[in-house]
Every structure is written in C-alpha cells, then in structure tokens.
Amino acid sequence: MMKQLSRTQNIIFLVGGVLMVVGAGCFAFMWQQEVMCWIYLAGAVMFATMQMMQTYEGNNITVRRLKKIMTTADIFFVLSGILMVDNAYRFMQQVFTNYVAYFQYVFNKWVLLLLVAAVLEIYTMHRISAELSKE
C-alpha cells in the first residue's frame with residue numbers, strides 16, 4: 001500500500017539516483033570536484049524528495065517505522081552533499097578557530113554520512129519489500 005509515484009516523479013527519482021552515483025564517484029576520484037559536489041547535491045535532493053513523497057498508506061507499524069528510518073537516510077544523503085560542497089570550497093572552515101578542529105570534525109566527513117545513509121537505505125528497502133509482500 002505504498003503510494004506510487006507518477007511517471008515524472010519516477011524519472012526525477014531515477015535521474016537523482018544517477019546524479020548521486022556520478023557525483024560521488026567523480027568527487028571521490030578527485031575529478032572536477034567543484035562541479036561534481038553540486039551534481040551530487042542536486043541528485044540527493046531530487047532522490048530524497050521523491051522518496052519522501054512515496055508515503056505508506058497502510059496500518060503496518062513496522063513499515064511506518066522503516067519509512068521513518070528511510071527518511072533519516074534521505075536526510076543523511078542531503079547532508080553528505082552539503083559536506084561534499086564544503087569539502088570542495090571549505091566555507092565552514094571560517095567557523096572554526098583553528099584548522100585542526102575543522103579537519104577533525106568536518107573535512108571529509110561526507111563519506112561517513114554517505115556510508116550510513118547507503119546502509120540504512122539498503123536495509124529499509126529490503127525490509128519494506130519483505131513486509132509488503134506479507135500483506
């Protein structure tokens with residue numbers, strides 16, 4: 001009983017996912033980082049927005065909980081994009097009084113958020129699929 005996305009929303013969802021993969025891959029291999037961070041962030045916003053629009057309309061508490069976890073993963077995808085942009089431009093470096101604190105707390109932390117989001121996304125996607133097949 002998941003709300004189905006329209007054809008246009010499905011296209012936006014898929015394009016967002018592709019942009020995320022291309023942006024993160026190229027950024028990780030240090031190819032055009034100033035551009036790829038924005039491509040990833042745009043893809044993450046598109047992907048997360050469309051996934052959040054796909055609501056669950058049933059009464060299964062487990063699926064509702066899993067959708068909340070999936071929303072958390074979506075937020076982590078977008079936050080990793082913001083940190084990726086910071087990694088390319090270092091705009092948050094001005095907030096910290098010394099470089100060591102910035103590098104310790106912010107620099108390259110987009111990788112950690114992306115990894116957590118990907119693990120949560122994979123887990124919830126498979127669990128939701130299993131729960132919906134039971135209904």
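It should be emphasised that the depicted structure is a prediction, and the values quoted were computed from it without experimental measurement.
Taking each heavy atom of Thr124 and Met70 in turn, the nearest pair found is OG1-CE, 3.4 Å. The shortest heavy-atom contact between Met2 and Gln54 is CE-O, 3.8 Å. In terms of heavy-atom proximity, Leu66 sits nearest to Tyr123 at CD2-CE2, 3.9 Å. When every heavy atom of Ala88 is checked against every heavy atom of Cys37, the shortest pair comes out as CB-SG, 3.9 Å.
Between Phe107 and Arg90 the shortest side-chain heavy-atom distance falls below 4.5 Å.
Clustering ILVMFWY residues whenever any of their side-chain heavy atoms sit less than 4.5 angstrom apart, transitively, puts Met53 in the very cluster that holds Ile75. Val119 and Met84 are members of different hydrophobic clusters when ILVMFWY side chains are connected at heavy-atom separations under 4.5 Å. Both Tyr89 and Met36 sit in one connected hydrophobic cluster of ILVMFWY residues. Membership requires side-chain heavy atoms under 4.5 Å apart, directly or through other members. A single hydrophobic cluster is not seen to contain both Leu83 and Val100; linkage of ILVMFWY side chains at heavy-atom distances under 4.5 Å, directly or through other members, places them apart. One hydrophobic cluster, built from ILVMFWY side chains closer than 4.5 Å, holds both Val35 and Trp38.
Using cut-offs of 30° and 60° for the angle between ring planes, the Phe27 and Trp110 rings count as perpendicular. Relative orientation of the Phe103 and Tyr99 rings is tilted, given thresholds of 30° and 60° on the angle between their planes.
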Which pairs of donor and acceptor atoms, one on a side chain in residues 18-25, lie under 3.5 Å apart (sequence neighbours left out)?
none

When the side chains of residues 41-52 are checked against the rest of the protein, which donor-acceptor pairs come out under 3.5 Å, sequence neighbours left out?
unit_1, atom_1, unit_2, atom_2, d
Thr49, OG1, Val45, O, 2.6
Gln51, NE2, Asp74, OD1, 3.1
Gln51, NE2, Asp74, OD2, 3.4
Gln51, NE2, Glu121, OE1, 3.0
Gln51, NE2, Glu121, OE2, 2.8

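Although no hydrogens or angles enter the test, the distance criterion places a donor-acceptor pair under 3.5 Å between the side chain of Arg64 and the main chain of Gly58. With Lys67 contributing its side chain and Ile128 its backbone, the two residues share no donor-acceptor pair below 3.5 Å. With hydrogens and angles ignored, the 3.5 Å screen pairs a side-chain donor or acceptor of Tyr40 with a backbone N or O of Phe77.
Atom CD of Glu34 has more than 12 heavy atoms from other residues, nucleotides or ligands within 6.0 Å. Phe91 CZ: more than 12 foreign heavy atoms inside a 6.0 Å radius.
Under the side-chain hydrogen bond (donor to acceptor under 3.5 Å, both in side chains) criterion, Asn108 pairs with Asn87, sequence neighbours left out.
The CG atom of Asn98 lies 10.0 Å from the CD atom of Gln93; values are rounded to the nearest 0.5 Å. One finds the OG1 atom of Thr62 at 6.5 Å from the CZ atom of Arg127 (value rounded to the nearest 0.5 Å). Between Leu114 atom CG and Ser80 atom OG the span is 5.0 Å, to the nearest 0.5 Å.
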